[in-house]
Participant: 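Let me begin by handing over the structure; questions about it come next.
One is the number of the first residue; the rest follow in order along the sequence. Remember, predicted model here, so these are calculated numbers, not experimental data.
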Amino acid sequence: MKNPVGAPILGMLLARAALLATLWWTLADGTAWAFGAPVVLLAAGASVALQPTRCVRLRPLALARFAGFFALRSVRAGLDVARRALSPRLPLAPTLLDYSLRLTSEPARVFLANTLSLLPGTLSADLTGDRLRVHVLDASLPIEQELRAAEVRIAALFGQSLPDLLASSNGPKV
């Protein structure tokens with residue numbers, strides 16, 4: 001039996017079990033194998049059983065660009081959140097935004113939602129079809145532009161083209 005990308009399942013299972021066993025050995029200081037061995041085997045089996053049914057190919061150059069984009073946005077957003085948290089006035093204007101996604105594939109949409117949740121000041125609250133609900137700390141920030149910029153980077157990463165901005169009704173709704 002083979003998975004969609006052609007690797008034998010037994011080989012994948014053994015490789016993941018070896019990786020998880022090494023992790024267990026490191027974290028448990030080489031002890032507690034009576035508990036660790038079954039956990040390692042169950043985790044390896046679950047990771048193989050739950051893997052996606054199709055392979056997603058990411059573009060290496062786009063991945064490098066996305067990493068820089070993400071690092072810059074993370075630092076900038078982190079500094080903004082720290083400034084707000086340390087300010088005596090605590091300048092917050094939280095809101096929920098509904099955003100119409102232009103990304104067409106489910107993996108790309110999930111990647112965008114997870115990316116936004118990792119950036120300070122934003123949290124993906126719901127992803128349903130082509131709608132993403134995002135919680136933001138300050139409604140006065142240019143959130144729509146940030147979402148579009150992230151969406152463009154992720155589209156490039158997944159090799160997708162996005163519909164023209166002018167042709168889509170892509171504004172957030174508060």
Participant: Going by distance alone, is a donor N or O of one side chain under 3.5 Å from an acceptor N or O of the other, for Asp138 and Ser140?
Facilitator: yes

Participant: What's the shortest heavy-atom distance between Pro38 and Trp33, and which atoms?
Facilitator: CD-O, 4.0 Å

Participant: For Ala113 and Ser124, which heavy atoms make the closest approach, and how far apart are they?
Facilitator: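 Scanning both residues, the minimum pair turns out to be O-OG, 2.6 Å.
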
Participant: Under 4.5 Å side-chain heavy-atom separation, chaining through any Ile, Leu, Val, Met, Phe, Trp or Tyr, what else clusters with Leu90? Say none if it is isolated.
Facilitator: Val81, Leu92, Leu137

Participant: Roughly how far apart are Leu127 CG and Leu101 CG, rounded to 0.5 Å?
Facilitator: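 Interatomic distance, Leu127 CG to Leu101 CG, rounded to 0.5 Å: 6.5 Å.
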
Participant: Between Leu123 and Val110, is there shared hydrophobic-cluster membership here, with clusters defined by ILVMFWY side-chain heavy atoms closer than 4.5 Å?
Facilitator: no

Participant: So which atom in Arg84 and which in Pro91 form the shortest heavy-atom distance, rounded to 0.1 Å?
Facilitator: NH1-O, 2.6 Å

Participant: Heavy-atom distance under 4.5 Å between the side chains of Arg16 and Val48, does that happen here?
Facilitator: yes

Participant: Between Tyr99 and Leu118, is there shared hydrophobic-cluster membership here, with clusters defined by ILVMFWY side-chain heavy atoms closer than 4.5 Å?
Facilitator: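 Same hydrophobic cluster.
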
Participant: Test of understanding: clusters of I, L, V, M, F, W, Y form through side-chain heavy atoms closer than 4.5 Å, transitively. Do Leu162 and Leu147 belong to the same one?
Facilitator: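 Hydrophobic grouping puts Leu162 with Leu147.
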
Participant: Please give me the minimum heavy-atom distance between Ala44 and Leu20, naming the atom from each residue.
Facilitator: N-CD1, 3.5 Å

Participant: Quick one: name the residues clustered hydrophobically with Val75, using the 4.5 Å side-chain heavy-atom rule over I, L, V, M, F, W, Y, and just say none if it's on its own.
Facilitator: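 Once heavy-atom contacts under 4.5 Å are chained together, Val75 belongs with Leu79.
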
Participant: Taking the side chain from Arg109 and the backbone from Leu103, do they hold a donor-acceptor pair closer than 3.5 Å?
Facilitator: yes

Participant: Where do Ala21 and Val40 come nearest, in terms of heavy atoms and distance?
Facilitator: N-CG1, 3.8 Å

Participant: Hydrophobic cluster membership, with links at side-chain heavy-atom distances under 4.5 Å among I/L/V/M/F/W/Y: are Ile154 and Leu63 in one?
Facilitator: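 As far as the 4.5 Å side-chain criterion goes, Leu63 and Ile154 are connected within one cluster.
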
Participant: Between Asp80 and Arg76, does any NZ, NE, NH1 or NH2 come within less than 4.0 Å of an OD or OE carboxylate oxygen?
Facilitator: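 No salt bridge links Arg76 with Asp80.
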
Participant: Restricting to non-hydrogen atoms, name the atom on Gln160 and the atom on Ala108 that form the minimum distance, rounded to 0.1 Å.
Facilitator: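 Distance-wise, the nearest heavy atoms are NE2-CB, 3.6 Å.
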
Participant: Transitively linked via ILVMFWY side-chain contacts under 4.5 Å: Leu116 with Phe70?
Facilitator: yes

Participant: Evaluate Phe111 against Phe66 for ring pair (Phe, Tyr, Trp, His ring centres under 6.0 Å), listing each step before the verdict.
Facilitator: CA-CA 12 Å; Phe111 192 85; Phe66 178 78; 5.4 Å; yes

Participant: Report yes or no: does Glu151 contribute a side-chain atom to a donor-acceptor pair with the main-chain N or O of Arg102 at less than 3.5 Å?
Facilitator: yes

Participant: Side chains of Asp98 and Leu132: does their closest heavy-atom pair fall under 4.5 Å?
Facilitator: no

Participant: Should Leu61 and Arg65 count as side-chain neighbours, where that means a heavy-atom distance under 4.5 Å?
Facilitator: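 Leu61 reaches Arg65 side chain to side chain.
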
